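Right, one structure below, let's go through it.
Everything quoted here is computed from the prediction, not taken from an experiment. All ligand and atom numbering here is 1-based and tracks the order in the structure.
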Amino acid sequence: MSQPHCLPGSTGWSDNGQPATLGVMGGGQLGRMFVHAAQSMGYFTVVLDPDTSSPAGLVSHQHIQRDYLDTQGLAKLVQHCAAVTTEFENVPAAALATLAATRPTAPNAEAVAIAQDRIQEKAHLARSGVPVAPYAVIENAADLATVADSLLPGILKTARLGYDGKGQLRVSNRAELASAWDALKHVPCVLEQMLPLADECSVIVARGWDGACVHFAPQRNLHRQGILAVTQAYEGNLPPALVDKAVTATKKIADELNYVGVLCVEFFVLAEGSPESAALGGLVVNEMAPRPHNSGHYTLDACDQSQFDLQVRTLAGLPLVQPRHHSAAVMLNLLGDLWVNGCIPPWDTVLALPGVHLHLYGKLQAKPGRKMGHLTVTAATAAEANAVALEAARLLGIEAF
Ligand code: ATP
Ligand code: MG
């Protein structure tokens with residue numbers, strides 16, 4: 001499907017009298033922030049998500065409460081939308097392929113299918129010539145028996161449907177590997193060598209239908225229990241030599257996929273002086289997300305274009321301009337753990353701090369580990385942003401970083 005012509009109208013209506021409407025598959029917080037960005041440019045929005053109270057469904061003009069593969073739901077989406085995107089990488093690629101038959105759909109089903117499957121993803125990354133953690137594919141008992149000793153200790157990860165550290169088990173020897181594969185019910189997996197990490201970072205790019213590509217500078221990410229906890233985004237957050245390398249690798253991956261939309265690539269920065277770092281060149285790709293990413297939420301408050309603005313622009317075929325990062329930023333994820341025993345976090349004291357931007361996703365139920373919102377601190381300097389974010393973390397009972 002070729003580039004859409006989907007200009008926003010000042011009233012939200014296009015020249016032919018039809019609403020200029022953009023659709024999104026998935027109703028989570030990423031969809032909600034896409035909807036906000038689209039609506040602020042005058043678009044109408046439609047969300048397809050089976051959940052009756054999905055964060056994006058609650059704020060969209062329309063919410064089609066159907067399953068992702070439901071024929072009638074997809075037909076209705078097509079009927080209303082000029083173009084469709086996705087916010088959830090586990091949307092079945094077949095649904096995107098159906099949409100793409102009649103509407104510009106970005107990212108495309110092939111790119112999403114690759115990102116949905118660690119086995120395909122690693123093969124694609126190897127084709128793009130970017131280093132990944134040494135790994136083996138485990139699909140049967142013979143694969144398990146022939147795993148190289150050098151991959152242990154390692155992490156066994158299910159090929160599909162993992163997120164926030166779910167579907168992963170750390171193993172230090174062959175006996176643990178065998179029982180981990182039993183625990184994961186013998187689904188296809190990859191075993192990755194456990195690497196000595198100095199840091200983690202990610203790069204977000206937006207690539208248009210014509211191949212033009214803009215990017216945000218790499219952000220530094222801290223994970224806890226496999227879930228993103230803190231993102232630091234300011235100049236000097238990472239060794240300068242890695243910054244260009246990470247951006248170049250991300251653009252290469254996007255080009256190889258002929259990607260349209262917002263793409264995030266997560267990297268491991270390896271401990272300097274380690275044999276792994278010497279062998280792999282200091283930086284390896286962990287994985288990619290075919291959508292805006294949690295580590296890019298700071299762009300809402302610290303950049304002149306957010307990752308969601310760029311998602312709207314790519315989808316609608318509007319010009320892409322290199323975003324300007326104007327404030328040092330630190331983002332803290334707000335997990336359901338903060339709402340323990342029905343308590344409401346002390347927003348009044350947190351919001352009294354300078355440069356605090358609170359984003360809550362409208363989720364009706366708090367659960368441990370569930371992403372309920374995030375908070376971004378912006379400041380003139382990195383030192384100030386970190387100091388205020390540390391104070392906000394202390395007030396909220398989030399571990400210092
Ligand atoms: P997300 O939802 O954040 O993408 P995920 O479930 O896909 O998470 P991964 O990104 O594969 O999980 O891993 C989660 C975290 O576990 C990583 O961010 C990193 O901290 C750690 N980790 C994963 N693989 C390795 C590895 N090979 N060596 C060292 N640490 C690792
Ligand atoms: Mg990850």
When you measure from the heavy atoms of Arg224 to every atom of ligand 1, does any distance fall below 4.0 Å? no
Please work out whether any backbone atom (N, CA, C, O) or any side-chain heavy atom from C-beta onward of Ile227 is under 4.0 Å from ligand 1, and answer side chain, backbone, both or neither. neither
Numbered atoms and elements of ligand 1 in range of Glu287, under 4.0 angstrom, heavy atoms: 1 (P), 4 (O), 5 (P), 7 (O), 8 (O), 9 (P), 10 (O)
His223 heavy atoms within 4.0 Å reach ligand 1 at atoms 18 (O)
Pairing residues for Asp348 by the side chain to side chain donor-acceptor pair (under 3.5 Å) criterion, not counting sequence neighbours: none
What I want to check is whether the side chains of His357 and Thr378 have a donor and an acceptor closer together than 3.5 Å. yes
Verify salt bridge (Lys or Arg N to Asp or Glu O under 4.0 Å) between Glu287 and Arg118, making sure each step is shown before the conclusion. CA-CA 8 Å; Glu287 59 181 355; Arg118 287 188 198 277; 3.0 Å; yes
Please state which part of Leu197 comes within less than 4.0 Å of ligand 1, counting heavy atoms only: side chain, backbone, both or neither. side chain
Does His374 have its ring centroid less than 6.0 Å away from the ring centroid of Tyr298? no
Check each atom of ligand 1 against the heavy atoms of Glu266 and keep those under 4.0 Å away; list them by number with element. 4 (O)
Yes or no on salt bridge (Lys or Arg N to Asp or Glu O under 4.0 Å) for Glu87 and Arg32, after CA distance, side-chain angles and deciding distance? CA-CA 9 Å; Glu87 63 104 40; Arg32 180 180 173 101; over 6 Å; no
If you count the atoms of ligand 1 from 1 in the order shown, which ones are under 4.0 Å from a heavy atom of Arg170? 16 (O), 21 (C)
For residues Gln311 and Thr85, is any side-chain donor paired with an opposing acceptor at under 3.5 Å? yes
Distance in Å, Tyr135 OH paired with Ile155 CD1, rounded so as to fall on 0.5 Å steps: 16.0 Å
Check side chain to side chain donor-acceptor pair (under 3.5 Å) between His215 and all other residues, then give those that pass, not counting sequence neighbours. Lys251
Backbone or side chain, does any N or O of Met194 fall under 3.5 Å from an N or O of ligand 1? no
Under-4.0 Å heavy-atom contact with ligand 1, by part of Met288 that carries it: neither
Quick check on Ile155 - does any of its heavy atoms sit under 4.0 Å from an atom of ligand 1? yes
Who's closest to atom 27 (N) of ligand 1 heavy-atom-wise, of Glu276, Glu192, His293, Glu200? Glu192
